[in-house]
Asks: 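Have a look at this one.
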Amino acid sequence: MATKYFTQFVTGSEHSRSAAEWSGVVELTRPIEGRKSAQRELRELLADSFDLDSEEIRILHWARLH
């Protein structure tokens, strides 16, 4: 069963002109555990989707949708 999360994040570096803020729902095949590992996992997933390095993703907010 898929687990959905609302995420708000920034792509690009803070000093880059190409930095952009995004928000939306991310659907994962399994729930993520632990606050720190969750942010890392979300960053990696988003980076893959945007064809970026995970260091170029900064999570502002995330929450599991019920």
Side-chain angles (χ1 to χ4, degrees):
M1 179 174 201
T3 306
K4 295 180 182 181
Y5 296 87
F6 172 78
T7 60
Q8 184 177 8
F9 59 98
V10 176
T11 58
S13 69
E14 293 181 39
H15 306 293
S16 172
R17 290 184 152 206
S18 62
E21 187 171 328
W22 305 82
S23 63
V25 175
V26 175
E27 189 170 322
L28 303 177
T29 56
R30 61 179 173 75
I32 49 181
E33 304 293 331
R35 202 90 177 134
K36 289 190 184 256
S37 63
Q39 285 219 9
R40 182 180 65 247
E41 191 172 340
L42 283 171
R43 274 196 343 262
E44 290 170 358
L45 174 75
L46 293 167
D48 285 345
S49 296
F50 282 85
D51 197 25
L52 298 170
D53 292 328
S54 63
E55 296 82 32
E56 295 179 85
I57 303 287
R58 186 168 43 104
I59 305 287
L60 302 175
H61 174 76
W62 69 276
R64 183 174 177 174
L65 299 176
H66 299 279

Asks: For Glu44, enumerate each residue passing the salt bridge (Lys or Arg N to Asp or Glu O under 4.0 Å) test, keeping only those at least two apart in sequence or located in another chain.
Replies: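 Once residues adjacent in sequence are excluded, Glu44 has no partner under the salt bridge (Lys or Arg N to Asp or Glu O under 4.0 Å) criterion.
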
Asks: Hey, what do you get for CZ (Phe9) to CZ (Arg58), rounding to the nearest 0.5 Å?
Replies: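 Phe9 atom CZ to Arg58 atom CZ measures 12.0 Å (nearest 0.5 Å).
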
Asks: Provide the closest heavy-atom pair for Ala2 versus Glu27 in the form atom of the first, atom of the second, distance.
Replies: CB-OE2, 3.1 Å

Asks: Nearest 0.5 Å, what's the CD1-CG distance between Ile57 and Leu42?
Replies: 10.5 Å

Asks: To check you understand the geometry: which heavy-atom pair defines the closest contact between Phe6 and Ser23, and what is its length?
Replies: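 Here Phe6 and Ser23 meet closest at CZ-CB, 3.8 Å.
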
Asks: Rounded at 0.5 Å granularity, tell me how far OG1 in Thr11 sits from CG in Asp53.
Replies: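 Reported to 0.5 Å precision, the distance equals 12.5 Å.
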
Asks: Would you give the length of the straight line joining atom CG of Asp51 to atom CD of Glu56, rounded to the nearest 0.5 angstrom?
Replies: 9.5 Å

Asks: To the closest 0.5 Å, what do you measure between CG (Leu28) and NZ (Lys4)?
Replies: 11.5 Å

Asks: If you round to the nearest 0.5 Å, how far is OG1 of Thr7 from CZ of Arg64?
Replies: 15.0 Å

